[in-house]
Each structure stands twice: as C-alpha cells, then as structure tokens.
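Each remark here refers to the structure printed beneath this line.
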Amino acid sequence: MSCARIKPYNSGKRTSTNFAAEDADLLLISKDNVVFRVHRLYLEAHSPVFKNMFELGEAAEKGAELPQVQLEETSAILEIALPYVYPNLLEPFKLDLKGDFAVVKMFEKYGLDRGSEAVLAALPAKAGPNEPRSYELAVSFVLASTLNGMAARNDVLERIIRTDTSWTDLEPHVQKLALQLPASVGDCDKLRKLLEHRCTAVEAHRRKAGPELARSLDKVRSPKIIRAAFELWEASASLNSASSLRTFKRKHAKLFEEAERVGGAKSKEKAPPATSAFERAWDALVAKVKSLPTSLDGSFDFDAIGTSNSSNFNSADADLLLISTDNVVFRVHRLYLEATSPIFKDMFTLGSAVEKNVAPKIELGESTAVLEMGLPYVYPARLDPFELQNDSFWSVVSFFDKYEIARGLEAVLAALVQRDLVDAGSPLVGNLVTTFALASHIGDTRVRDKVLKRLMDTNFAMYELTEALATATAYLPGSAAEFAKLERLFEIRKAKLDKFRQQAGIDLAIGLRRLVTPKDLEARNDSILASIELWERSSSVLSSSAVKLFENSFPELWVQARRGSAAPVYLRQDFNGVWSDFRHHVYNLPSSLKDVGR
C-alpha cells in the first residue's frame with residue numbers, strides 16, 4: 001500500500017458530490033484525483049487498516065488544512081465502497097458476477113467487514129439463467145474465500161460436492177478469478193486437492209469393486225438382474241457425493257428393485273444370500289463416498305491428499321520425506337543422503353532452517369519407479385547386481401548423475417560391463433556405446449578402453465554409431481568430448497580404408513586382366529568372377545574380427561579365386577597379395593583415442 005502518509009490538502013481537485021461534508025476532518029484522494037471529504041472516526045471504527053495508517057501518520061503539520069490520504073482506488077470504486085464505512089441503512093449490495101471485483105478487493109484490502117458481509121449476503125443461492133453452474137460456484141467460492149466468509153465458503157463447498165461439480169469444470173474459472181483476488185489462492189488450492197482426492201478415491205474403489213461385482217453376478221441366473229445391475233453401475237460412474245447417489249437411486253427406483261432382487265443363483269446347493277450382489281456393491285460405494293472429506297477446515301492434511309507411501313521406504317524414524325512426481329512419499333534418512341550425494345548435502349545446507357521436529361518435504365522430478373530403483377544405492381546395505389531395464393534405464397542413470405550418487409553409477413557400469421564385455425558374444429553397437437559413454441562420463445578409462453577395443457572388432461555402419469552417440473550424449477553430456485574423439489577415430493579409419501581399397505581395387509583389376517586369354521578360358525573366368533565377387537563383398541569389412549569372419553565365409557568362392565590347378569601362378573599372387581595387403585592394412589588402422597589428431 002502506497003498511502004501510509006497523511007499530507008495537507010492541495011486544492012484544485014474535483015470533490016465527490018456524495019462525500020462533501022463540511023465537518024469532514026479527512027480527505028481521501030482517489031486515483032483519478034477526486035476528493036472525498038470523510039470522517040476519520042468512522043474510518044477508524046470500521047477499518048483496522050485505516051486506523052493503523054492514521055497512527056503511523058500522526059506527524060501531519062500543525063495548523064495545516066485537512067490532512068489527505070492518496071488511495072490507489074478510482075473514484076467509481078470509492079463511491080460504492082465508502083458508504084459501508086458509515087452506519088446508514090443501505091440497499092443490498094449489487095453483485096456483478098461478470099465484474100472485475102475491484103470493490104471486493106477494496107473491502108478485503110482495508111478490512112471493511114461491513115462491506116464484506118454485504119457482498120457475502122449477495123452471493124447467489126443458485127446459478128442464474130445465463131450463468132453456467134460451474135462459473136457461479138467458482139465466483140461464490142473465490143469471493144467467500146477472499147473475504148474470509150467461512151460460513152459462506154463452506155456453504156458453496158457443500159453445493160459443489162452435492163452437485164458433483166468436478167475440479168475440471170471449476171478450474172478455468174477459478175484460475176482467472178484467483179488472479180484478480182489472490183487472497184483466495186490458498187483455499188482454491190485446497191479445493192483442488194479435495195475434489196481431485198474425492199474423484200480419485202471413488203475411481204479407485206470402483207476399479208476394485210467392479211470386477212468383484214461382475215464375478216458375483218456371474219453366479220446369477222436371471223439376465224434381467226445382471227442387465228439392471230450393470231446398467232446402474234455404469235450409469236453412476238460420475239457420481240461422487242452421497243446426495244447425488246441418493247438422487248440417482250430415487251430416479252432409477254425400478255431398476256434398483258430389479259438389480260437388488262435376491263435369488264436366481266445358478267447353484268442350488270447353497271441358500272441365496274440375504275442381500276443381492278449389487279446391493280452389497282452399492283452399499284459399499286455409498287459408504288466409501290460418505291467417508292470422504294467434505295471440509296477445508298479441521299485437521300485434514302491437504303498436503304497428503306493424493307499421496308501414498310512407498311512400501312520399501314517407509315521408516316518410522318525417517319527425518320526427511322521425498323515426494324515423487326506421481327505423489328508417492330519416500331520416508332528416508334537425511335544422514336545417508338548427505339553422505340552419498342553432495343547435491344542433496346548442498347540442498348540441506350541451503351534449506352537448513354526447517355521447522356524443528358517436523359520432517360521436511362522435498363518434491364523431486366523423478367517418478368516412483370526411478371526412486372524405487374535409485375534410492376537403495378544411498379544406503380550402505382549390500383545390494384544385488386543392478387538390473388538393466390530398458391524402459392527406465394536412462395531415467396535411473398540420470399537420477400544417479402543428477403544427484404552425483406557415485407555408488408549407483410558404478411553399479412550401472414558394472415552391469416553394463418557384465419552384459420557387453422563378459423557375457424555377450426557379439427554385443428550391439430548401441431549397447432557398447434552406452435557402456436563407453438558411462439565409463440567416459442565417470443572417468444573409468446580402463447573400462448572405456450576395453451569397450452573401445454570391442455568396438456574396433458565390431459563391424460558396423462557409421463550411421464549406427466551416430467544414432468547411438470546422439471542418445472547417449474543427451475543423457476550423459478559429460479561424455480561428449482570422448483564421443484567426439486570416438487566419432488573422429490572411426491571417420492579416420494574409414495577414410496584410410498576407403499583410400500586403400502580404391503588403389504587396391506585398381507591393382508587387382510590390372511592383375512585380373514592378364515587372365516583374359518583363350519587358354520583355359522572357363523577356369524580362368526571362374527577365378528576372375530570369384531575374385532571380383534569376393535572383393536566387392538569385402539567392402540563392408542571394417543575390422544580385424546570382420547576380416548577373420550569373412551575369410552571363413554564363402555568357401556566355394558575362395559577355392560575358385562585361389563585355384564592353382566587351372567589358373568596361372570600370377571593370379572594367385574595378385575589376389576592373395578591384394579587381400580594380404582588389405583588384411584595388414586585393417587590390422588594397422590588407428591585403434592586408440594590417442595590416435596585422433598595425428
């Protein structure tokens with residue numbers, strides 16, 4: 001508020017016609033420079049804010065003209081609000097549901113209880129003909145909360161619950177209204193949590209009770225009973241209040257009579273139960289709805305609404321609560337988090353001024369599944385080897401990396417090494433790149449170099465490496481520098497190999513041309529064709545292991561290419577010589593990150 005100082009009156013401003021008393025002892029100046037001549041006594045009596053302003057501003061100049069107070073409200077607002085300072089009998093307050101509620105804000109700002117009571121009395125008892133029910137309820141709730149009208153607010157809340165108005169219906173209206181009247185934000189958030197909790201709880205109950213009802217109805221012989229029961233159960237799916245359930249039952253009384261009939265069981269060995277399956281399911285639903293919270297007051301913990309506790313992290317002596325993105329509470333021990341994670345330690349240092357004897361809460365950006373897998377590595381207990389799960393692997397790795405939980409990263413790397421270097425015969429390129437990335441990220445050069453050697457022995461296309469690198473780098477940016485070297489290394493290897501093959505192919509072609517003679521034409525043609533085919537097929541050979549594998553493949557072609565009985569000696573020397581040079585060249589390609597840049 002920018003009006004805590006009382007100043008002498010300066011003339012030249014227009015005076016309000018309704019507030020121009022000659023015996024006034026105070027001048028209020030509106031935002032648009034209209035003067036309101038009022039009486040300080042009434043302002044002090046009805047507004048604690050004005051009273052405090054006058055006490056703070058007692059040092060006005062002695063003998064000066066009437067003191068003035070500059071207000072932030074316009075003259076139009078003051079013309080409506082100031083009558084509620086005086087003890088006169090007033091007309092009922094005219095509430096415009098589509099207005100900007102500036103007068104309401106002034107009542108709340110200056111603590112003008114009489115004006116607030118007039119607004120609360122004007123709240124509609126039901127929606128108008130041109131107003132959607134959800135908007136009218138939202139306006140009434142926000143206004144009642146802003147003006148601390150607890151009775152009116154609770155009455156609106158009762159109507160919201162009774163009419164099964166969901167938060168989805170109210171949300172767009174409440175959000176806009178709360179921006180105008182921010183004093184209502186706290187209650188609006190409680191309302192959201194309450195309605196979402198009620199809806200979620202009923203849905204959870206119905207998901208469990210529905211299959212049980214179906215199994216019970218499966219034992220009933222009468223199709224009419226079954227049909228009526230299923231029709232009622234499905235039609236009542238959106239009902240979340242006891243009153244709406246009662247209204248629904250009255251409206252469908254005949255169907256209820258049919259669905260609640262006892263008898264018609266398929267088995268005649270047992271007597272029919274005292275109540276029908278549907279009646280038991282319906283009574284349980286009504287009991288569940290009646291047990292749900294209906295008030296914003298009392299000891300109900302709204303922070304706990306919509307949350308559940310982790311079964312694995314629910315220690316009674318926990319001194320810290322971690323909340324997952326899907327609202328599951330993990331009760332953990334701050335000491336272990338501080339010892340394992342420097343990031344958590346810094347968080348606690350910065351936020352150490354928490355209330356004593358109250359376990360602080362921290363909302364994390366990870367899901368329950370990630371925390372269930374990641375938090376065990378905070379504690380010193382011995383754990384089973386890390387389980388590599390494709391659907392959550394990168395999320396768990398990101399959790400370990402984000403909070404610098406070294407034990408977790410080391411456990412993941414150990415599992416990757418077991419998979420890619422110990423167990424696997426021919427690991428996938430993507431798997432090897434992932435292991436290379438994590439080893440590089442945490443600085444384990446021993447594992448990194450072993451993975452690099454395995455990559456050197458793996459025959460793959462460059463696009464496979466590029467795709468795998470893009471994924472790993474996104475999650476482990478610390479490995480980007482090593483990846484750049486890795487990619488460059490393979491580019492160098494491929495460029496050197498392409499250059500060699502280009503010249504070697506020319507040499508082989510020259511040697512093969514010598515065989516184009518009439519003598520032994522058929523045998524020589526077979527050798528030439530076999531040599532050409534083998535050379536073309538070897539274009540995808542990029543590593544020493546691929547060379548060995550290729551030499552053990554296509555045995556008939558190799559026999560034809562190297563056949564000495566039907567081909568001259570120089571053919572064998574040409575092809576064997578080219579292939580021998582090729583093998584030697586592959587074996588001597590750069591194979592270390594240190595070779596990059598040479």
Practice item. Tell me, with the steps shown, if E372 and S310 meet side chain to side chain donor-acceptor pair (under 3.5 Å). Key: CA-CA 8 Å; E372 290 286 359; S310 165; 2.7 Å; yes
Point to revise | Backbone of S315 reached by a side-chain donor or acceptor of R331 within 3.5 Å | key: yes
Practice item. Anything under 30° is parallel, anything over 60° is perpendicular, the rest tilted; go ahead and classify F330 against F313. Key: tilted
Check your understanding: Of the non-hydrogen atoms in S367 and T325, which two are nearest, and what is the gap between them?
Key -> CA-OG1, 3.3 Å
Review point. For D113 and S116, does a side-chain donor sit closer than 3.5 Å to a side-chain acceptor?
Key: no
Exercise for review: Evaluate the side-chain proximity of Y403 to T340: yes if any heavy-atom separation is below 4.5 Å, no if none is.
Suggested key: no
Exercise for review: Would you confirm whether N240, through its side chain, and V289, through its main-chain N or O, come within 3.5 Å as a donor-acceptor pair?
Suggested key: no
Check your understanding: Got a donor-acceptor contact below 3.5 angstrom from the S291 side chain to the K288 backbone?
Key -> yes
Exercise for review: Evaluate the side chain to side chain donor-acceptor pair (under 3.5 Å) criterion for residues D326 and S324: first the C-alpha distance (whole Å), next the side-chain angles of each, then the deciding distance (0.1 Å), finally the verdict.
Suggested key: CA-CA 5 Å; D326 41 346; S324 66; 2.7 Å; yes
Check your understanding: Taking everything shown except F393 itself, do over 12 heavy atoms lie less than 6.0 Å from its CZ?
Key -> yes
Review point. Is there side-chain contact between L177 and T146, with at least one heavy-atom pair below 4.5 Å?
Key: no
Check your understanding: Does one side chain, of D319 or H333, offer a donor that lies under 3.5 Å from an acceptor on the other?
Key -> no
Point to revise | Check: L137 main-chain N/O paired with S140 side-chain donor or acceptor under 3.5 Å | key: no
Review point. Where does the angle between the aromatic ring planes of F386 and Y377 fall among parallel (under 30°), tilted (30 to 60°) and perpendicular (over 60°)?
Key: tilted
Exercise for review: Please answer whether the main-chain N or O of L337 pairs with a side-chain N or O of S341 as donor and acceptor at a distance below 3.5 Å.
Suggested key: no
Check your understanding: Looking at R192 and D189, does any basic side-chain N land under 4.0 Å from a carboxylate oxygen?
Key -> yes
**Study point:** Smallest separation among heavy atoms of S276 and A259, with atom names
**Key:** OG-O, 3.6 Å
Exercise for review: Might you point out which heavy atoms bring V447 and A439 nearest each other, and give the distance in Å?
Suggested key: CG1-CB, 3.9 Å
Exercise for review: Please examine the side chains of L413 and D444, heavy atoms only from C-beta on, and report whether any two atoms are closer than 4.5 Å.
Suggested key: yes
**Study point:** Worked check of salt bridge (Lys or Arg N to Asp or Glu O under 4.0 Å) between K208 and E203
**Key:** CA-CA 9 Å; K208 181 179 179 181; E203 288 178 354; over 6 Å; no
Check your understanding: Is the CD atom of E387 crowded by more than 12 outside heavy atoms at less than 6.0 Å?
Key -> no
Check your understanding: Aromatic ring centroids of F278 and F230 under 6.0 Å?
Key -> no
Review point. Taking the side chain as C-beta and beyond, is there a heavy-atom pair between V139 and F101 under 4.5 Å?
Key: yes
**Study point:** Rounded distance [0.5 Å steps], CG in L409 versus CZ in F399
**Key:** 10.5 Å
Point to revise | Closest non-hydrogen atom pair, D164 against S241 | key: OD1-N, 3.3 Å
Review point. What's the verdict on side chain to side chain donor-acceptor pair (under 3.5 Å) for S184 and D187, showing C-alpha distance, side-chain angles and the deciding distance?
Key: CA-CA 6 Å; S184 66; D187 279 351; over 6 Å; no
Exercise for review: Inspect the surroundings of CZ in F248 and state if more than 12 heavy atoms from other residues, nucleotides or ligands are less than 6.0 Å away.
Suggested key: yes
Review point. Heavy atoms, side chains only, cut-off 4.5 Å: are L95 and L143 in contact?
Key: yes
Exercise for review: Please lay out, stage by stage, how E257 and R261 fare under the test salt bridge (Lys or Arg N to Asp or Glu O under 4.0 Å).
Suggested key: CA-CA 6 Å; E257 289 179 8; R261 278 199 305 118; over 6 Å; no
Exercise for review: Report the C-alpha distance between K402 and E366 in whole Å, list the side-chain angles of each, state the deciding distance to 0.1 Å, and finish with yes or no for side chain to side chain contact (heavy atoms under 4.5 Å, CB included).
Suggested key: CA-CA 11 Å; K402 176 181 178 181; E366 287 73 30; 3.2 Å; yes
Review point. Using 4.0 Å as the upper bound for N to carboxylate O, is an ion pair formed by R334 and E338?
Key: yes
Practice item. Determine, stepwise, if the pair L438 / L416 fulfils side chain to side chain contact (heavy atoms under 4.5 Å, CB included). Key: CA-CA 9 Å; L438 187 54; L416 293 175; 3.9 Å; yes
Point to revise | No-hydrogen, no-angle side-chain donor-acceptor test under 3.5 Å, S398 and S395 | key: no
Review point. Do L364 and I323 have side chains that get closer than 4.5 Å, going by heavy atoms?
Key: no
Review point. Do the side chain of R198 and the main chain of P293 share a donor and acceptor less than 3.5 angstrom apart?
Key: yes
Exercise for review: Quick one: pull up CD in E158 and CZ in R153 and give me the separation to the nearest 0.5 Å.
Suggested key: 13.5 Å
Study note, to complete from the structure: The reported gap from CZ in R454 to OG1 in T435 (rounded to nearest 0.5 angstrom) is 10.0 Å
Review point. Which pair of non-hydrogen atoms, one from Y336 and one from P380, has the smallest distance, and what is that distance?
Key: CE2-CD, 3.6 Å
Check your understanding: Is any side-chain N of the basic residue among K249 and E260 closer than 4.0 Å to the acidic one's carboxylate O?
Key -> yes
Review point. Can S134 and H173 be said to form a side chain to side chain contact (heavy atoms under 4.5 Å, CB included), step by step?
Key: CA-CA 8 Å; S134 56; H173 311 307; 3.4 Å; yes
Study note, to complete from the structure: Rounded to the nearest 0.5 Å, the CZ atom of F141 sits from the CG atom of L191 at a distance of 4.5 Å
Practice item. Answer yes or no: is there a donor N or O on one side and an acceptor on the other, between the side chain of N154 and the main chain of M150, under 3.5 Å? Key: yes
Practice item. Under the side chain to side chain donor-acceptor pair (under 3.5 Å) rule, what do S216 and E212 come out as? Steps first, then yes or no, please. Key: CA-CA 6 Å; S216 299; E212 293 177 356; over 6 Å; no
**Study point:** Salt bridge R227-E258, side-chain N to carboxylate O under 4.0 Å
**Key:** no
**Study point:** Point-to-point distance, once rounded to the nearest 0.5 Å, from CH2 of W282 to CG of L213
**Key:** 11.5 Å
Exercise for review: Report yes or no: does S166 contribute a side-chain atom to a donor-acceptor pair with the main-chain N or O of D169 at less than 3.5 Å?
Suggested key: yes
Revision key, fill the gap. To the nearest 0.5 Å, atom NZ of K190 lies from atom CG of L157 at 11.5 Å
Review point. How far apart are the C-alpha atoms of L320 and L322, what are their side-chain angles, what is the distance that settles it, and do they pass the side chain to side chain contact (heavy atoms under 4.5 Å, CB included) test?
Key: CA-CA 7 Å; L320 180 68; L322 301 180; 3.9 Å; yes
Review point. Is E196 close to C199 at the side-chain level, that is, under 4.5 Å between some pair of heavy atoms?
Key: no
Exercise for review: State whether the side chain of T165 and the backbone N or O of I161 hold a donor-acceptor pair below 3.5 Å, judged by distance alone.
Suggested key: no
Exercise for review: Would you check if D401 and Y475 make a side-chain contact, meaning some heavy-atom pair closer than 4.5 Å?
Suggested key: no
**Study point:** Salt bridge flag under 4.0 Å for residues E136 and R159
**Key:** yes
Check your understanding: Closest heavy-atom contact between P211 and R206?
Key -> CD-O, 4.3 Å
